[in-house]
Amino acid sequence: MTSPAQHAATPYTAKKSMLSLALPLLFLLTAATPTADFGAGNNRVTYVAGVDFALSFGLTFPADENLESQNSTLFMKVYHNAEVLAESKMPLFVDGALQTAAAISPLAFPSSGDKQELNVLLSYTADFAEASEKVFEGKVVKGWVTIWPPLVTIIIAVATREVLWALWAGVWT
């Protein structure tokens with residue numbers, strides 16, 4: 001005979017074990033496409049509109065038997081506001097080792113704004129039928145904004161004849 005405390009714990013344990021069986025099955029049913037990890041790359045936070053840059057990212061692959069084939073290729077596409085900015089492909093294996101990082105270039109944000117988004121598609125097929133999509137956000141400034149710090153530094157240095165204070169002010173503008 002079970003006590004009320006043991007009886008109350010039984011349904012939770014049964015649900016927990018069913019959940020632990022269902023999660024791996026759910027993982028196997030999902031499409032096995034790689035995903036991009038932008039934290040692993042050397043990407044800046046601010047970009048200048050119209051200036052080329054390379055977008056680098058780490059690759060995370062789900063467990064899949066197709067990856068063992070040495071002829072696998074990863075197709076990459078980057079677009080901004082439905083305009084394709086770049087397309088590329090790379091082999092998944094180089095000298096027998098699975099690639100864990102990728103970069104795509106040249107890219108350039110066509111316009112400026114606080115939050116501009118680049119959508120990165122990764123797929124094993126060229127038609128991107130089963131692709132994973134990840135959004136990269138960056139702040140984009142106009143080109144003329146980049147001359148403010150040196151201009152402020154020069155003006156303060158000439159006006160006050162204090163170069164160190166002028167440099168400090170220029171760094172913080």
Side-chain angles (χ1 to χ4, degrees), residues 26-27 30-64 66-67 72-95 97-173:
L26 190 70
F27 178 73
T30 59
T33 55
T35 56
D37 177 18
F38 297 115
N42 294 326
N43 298 311
R44 298 183 306 255
V45 179
T46 305
Y47 297 88
V48 178
V51 176
D52 290 345
F53 67 96
L55 181 63
S56 59
F57 48 90
L59 296 171
T60 306
F61 297 96
D64 188 8
N66 295 334
L67 287 179
S72 295
T73 302
L74 179 65
F75 294 90
M76 302 175 282
K77 184 187 290 188
V78 178
Y79 63 94
H80 173 70
N81 294 337
E83 174 189 351
V84 176
L85 298 179
E87 289 186 73
S88 182
K89 65 180 180 177
M90 65 175 265
L92 287 179
F93 291 90
V94 174
D95 296 329
L98 181 63
Q99 298 299 301
T100 58
I104 189 164
S105 66
L107 296 172
F109 283 101
S111 60
S112 62
D114 274 345
K115 279 191 176 179
Q116 297 288 325
E117 295 180 346
L118 293 179
N119 297 60
V120 178
L121 290 175
L122 301 175
S123 178
Y124 295 128
T125 59
D127 63 354
F128 292 92
E130 292 183 13
S132 67
E133 183 173 5
K134 191 80 173 199
V135 176
F136 175 76
E137 290 183 353
K139 181 179 179 181
V140 183
V141 296
K142 296 182 190 268
W144 61 268
V145 173
T146 60
I147 64 170
W148 276 111
L151 190 62
V152 166
T153 303
I154 292 169
I155 291 171
I156 292 175
V158 169
T160 64
R161 293 198 166 95
E162 292 287 337
V163 177
L164 293 178
W165 286 108
L167 288 172
W168 182 83
V171 167
W172 293 107
T173 56

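Side chains are part of it too, since the values below use all heavy atoms of this structure and drop only hydrogens, waters and symmetry mates. Position 1 is the first residue of the sequence, and the numbers go up from there.
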Result block: side-chain N/O donor-acceptor pairs under 3.5 angstrom for residues 150-160, not counting sequence neighbours:
from, atom 1, to, atom 2, distance (Å)
Thr153, OG1, Pro149, O, 2.8
Thr160, OG1, Ile156, O, 2.6
Thr160, OG1, Glu162, N, 3.3

* Structure fact -> Sorted by chain and number, sequence neighbours left out, ring-ring contact (aromatic ring centres under 6.0 Å, His included) with Phe53 holds for Tyr47, Phe109
* Check Ala108 against Asp52 and note the closest heavy-atom contact, atom names and distance. => CB-OD1, 3.5 Å
* Asked: Which heavy atom in Leu121 sits nearest to a heavy atom in Ala131, and how many Å separate them?
  -> CD2-CB, 4.3 Å
* Side-chain contact test, heavy atoms from C-beta onward, threshold under 4.5 Å: evaluate it for Phe93 versus Leu98 and give yes or no. => yes
* Structure fact -> Note: Pro110 and Glu83 closest approach over all heavy atoms is CG-OE1, 4.5 Å
* Mind listing the closest non-hydrogen atom pair of Leu107 and Ala86 along with its distance? => CD2-CB, 3.5 Å
* **Minimum-distance pair of heavy atoms, taken over all atoms of Ala102 and Leu59** => CB-CD1, 4.0 Å
* **With sequence neighbours excluded, residues passing side-chain hydrogen bond (donor to acceptor under 3.5 Å, both in side chains) with Ser105** => none
* Do you know which two heavy atoms are closest between Leu74 and Leu92, and how far apart they sit? -> CB-CD2, 3.6 Å
* Mind checking what makes side chain to side chain contact (heavy atoms under 4.5 Å, CB included) contact with Ser88, not counting sequence neighbours? -> Met76, Ile104
* Structure fact -> Those residues at least two apart in sequence (or on a different chain) that pass side chain to side chain contact (heavy atoms under 4.5 Å, CB included) with Val120 are Phe38, Leu55, Phe57, Val78, Leu122
* Asked: Listed by chain and number, what are the side-chain hydrogen bond (donor to acceptor under 3.5 Å, both in side chains) partners of Asn119, not counting sequence neighbours?
  -> Glu133
* **Residues in side chain to side chain contact (heavy atoms under 4.5 Å, CB included) contact with Ala126, at least two apart in sequence or another chain** => Phe75
* **Results of side chain to side chain contact (heavy atoms under 4.5 Å, CB included) for Ser111 - residues two or more places apart only** => His80, Gln116
